[in-house]
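A quick write-up on the structure given underneath.
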Amino acid sequence: MRTGLLLPLVFLPEEWALGLLLASALVLGLPHGGADILVALRLGWPLGGFLALYLSLAGLALGSLLLFPPLGLVAFLVLALLHWGRVEGKGPLGYWRAGTVLLFPFAFHREDILPFLHAFAGGFLLPPALAVVLWVLLALWSFRERPPWPQVADTLLLAALAFFAHPYALLAGYFLLQHSWDSLRLVGVRGWEWLGVYGATLGGILLAWALYPRFQDPLAAYMAAVYALTLPHALTMEAWLRRFPPLAQSPVPNR
């Protein structure tokens, strides 16, 4: 299963893990959100109106983080859980997998993520007991749907990686090699369309750069930009997935 590809991340030191996570700004990470402009064009939406609404939603999300950092962090986690789980295309199991990546750092790696959270959310942390309870509830929901055992085993392997690997390493691996890759395949980016994708990606990079003086931390500034773009991106992908539902993450033919 796909999680086996992430096994080397267990041995990645913090500095390399941070570098890999920041590199997602250029490789797959931000670009998978840049593909939203292609989704709008393929769905026949007016581009000007789409961009105006997209940027307005991004500004609303960013404002929530700047004004109420703890609330912004919670909203970020909820948005990521709902969006990542949806793109997984595995029903409740997909949300369990996403929750594993998002909740385990609060349950088992609090010291590792505290410097980032001081810059991003004023040091606010989810209580470890709450993170574990939420993860167990997601697991129980998944088992109610009787998922295939190979997928359950793959998810348990993901949980083991989330326990042993540095949280930056696992987040980078999942964000790059699973979520972003799956999103780009679902959209079916091809040929010259990559120029438009990277043109849109430049906007996200400039946003992170503009936010750096506020956060004084490269990862916090980057994650703030990602958070701002997650709400409009998730809604855009939801519209796409409602028209073209994912089929067990099989490669999507060019459209």
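Computed from a prediction, not measured in an experiment: that's the story for all the values here.
Within 6.0 Å of the CH2 atom in Trp181, the count of heavy atoms belonging to other residues, nucleotides or ligands does not exceed 12. The local environment of OH in Tyr198 is crowded, with over 12 non-hydrogen atoms from other residues, nucleotides or ligands closer than 6.0 Å. Remark: Phe124 CZ is packed, more than 12 non-hydrogen atoms of other residues, nucleotides or ligands lying under 6.0 Å away. Around the CD atom of Gln216, the shell of radius 6.0 Å holds more than 12 heavy atoms that belong to other residues, nucleotides or ligands. Counting non-hydrogen atoms of neighbouring residues, nucleotides and ligands closer than 6.0 angstrom, the CZ atom of Phe164 reaches no more than 12 such neighbours. Counting non-hydrogen atoms of neighbouring residues, nucleotides and ligands closer than 6.0 angstrom, the CH2 atom of Trp194 exceeds 12 such neighbours.
A 4.5 Å side-chain heavy-atom check between Phe116 and Met223 finds at least one atom pair inside the cut-off. Put simply, the side chain of Leu18 does not reach to within 4.5 Å of the side chain of Glu15, judged on heavy atoms. Residues Thr3 and Arg97 have side chains in contact (heavy-atom distance under 4.5 Å, counting atoms from C-beta outward). Between Ile205 and Leu30, the closest side-chain pair of non-hydrogen atoms falls below 4.5 Å. No side-chain heavy atom of Leu53 sits under 4.5 Å from any side-chain heavy atom of Trp45. Proximity of Ile113 to Leu125: side-chain heavy atoms (C-beta onward) are separated by under 4.5 Å at one or more points. Here the side chains of Leu93 and Trp96 are in contact, with some heavy-atom distance below 4.5 Å. The shortest side-chain heavy-atom distance between Leu7 and Leu157 falls under the 4.5 Å cut-off.
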CA sep, side-chain torsions, deciding dist, call: Leu170, Phe104, side chain to side chain contact (heavy atoms under 4.5 Å, CB included): CA-CA 10 Å; Leu170 186 73; Phe104 267 46; over 6 Å; no

In sequence, state the C-alpha distance, the side-chain angles, and the governing distance for Leu138 and Thr100, and then conclude on side chain to side chain contact (heavy atoms under 4.5 Å, CB included). CA-CA 9 Å; Leu138 290 170; Thr100 299; over 6 Å; no

Check the pair Val39 / Phe50 against side chain to side chain contact (heavy atoms under 4.5 Å, CB included), numbers first and verdict last. CA-CA 10 Å; Val39 173; Phe50 168 74; over 6 Å; no

Please evaluate residues Ile37 and Val197 with respect to the criterion side chain to side chain contact (heavy atoms under 4.5 Å, CB included), reporting the C-alpha separation (whole Å), side-chain torsions for both, the decisive distance (0.1 Å), and the verdict. CA-CA 7 Å; Ile37 195 168; Val197 167; 5.6 Å; no

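Partners of Tyr95 according to the ring-ring contact (aromatic ring centres under 6.0 Å, His included) rule, which considers only residues two or more places apart in sequence or in another chain, are Trp141.
Residues Tyr54 and Gly33 share a closest heavy-atom pair of OH-O, 4.0 Å. The nearest pair of heavy atoms linking Ala35 to Val189 is CB-CG2, 4.1 Å. Across every non-hydrogen atom of Pro147 and Val152, the tightest pair is CG-CG2, 3.5 Å. Closest approach of Leu184 and His32 over heavy atoms only: CD2-CA, 3.7 Å. Among all heavy-atom pairs drawn from Phe106 and Ala131, the shortest one is CB-CB, 4.1 Å. When every heavy atom of Gly204 is checked against every heavy atom of Leu229, the shortest pair comes out as CA-CD1, 4.1 Å.
Cluster annotation: Leu211 is not connected to Trp209 through the hydrophobic network of ILVMFWY side chains, with a link wherever side-chain heavy atoms come within less than 4.5 Å. No continuous path of ILVMFWY side-chain contacts below 4.5 Å connects Leu202 to Leu195, so the two sit in separate hydrophobic clusters. Following chains of ILVMFWY side-chain contacts shorter than 4.5 Å, one cannot reach Leu60 starting from Val74, and the two form parts of different hydrophobic clusters. Grouping the Ile, Leu, Val, Met, Phe, Trp and Tyr side chains by contacts below 4.5 angstrom, directly or via other members, places Leu137 apart from Leu158. In the hydrophobic cluster analysis, where Ile, Leu, Val, Met, Phe, Trp and Tyr join through side-chain heavy atoms closer than 4.5 angstrom, Phe108 is grouped together with Val10.
Within the 3.5 Å criterion, the main-chain N or O of Trp240 finds no donor-acceptor partner in the side chain of Arg42. For the pair His109 (side chain) and Phe163 (backbone), a donor-acceptor distance under 3.5 Å is present. Listed for the Glu145 side chain is no donor-acceptor partner under 3.5 Å among the backbone atoms of Ser142. The backbone N or O of Gly94 sits nowhere less than 3.5 Å from a side-chain atom of Arg86 that would complete a donor-acceptor pair.
Rounded to the nearest 0.5 angstrom, Leu103 CG and Leu77 CG are separated by 7.0 Å. With rounding to the nearest 0.5 angstrom, the CG atom of Leu231 is 11.0 Å from the OG atom of Ser56. Rounded to the nearest 0.5 Å, atoms CG (Asp217) and CZ (Phe120) are 10.5 Å apart. Atom CG of Asp154 is separated from atom CH2 of Trp149 by 13.5 Å, given to the nearest 0.5 angstrom. Between atom CG of residue Leu65 and atom CG of residue Leu73 there is a gap of 8.5 Å, rounded to the nearest 0.5 Å. Between His233 atom NE2 and Leu79 atom CG the span is 11.0 Å, to the nearest 0.5 Å.
Relative orientation of the Tyr174 and His179 rings is parallel, given thresholds of 30° and 60° on the angle between their planes.
Among the candidates Leu219, Leu12, Leu20, the single residue satisfying the side-chain contact (heavy atoms from CB on, under 4.5 Å) test with Tyr168 is Leu219.
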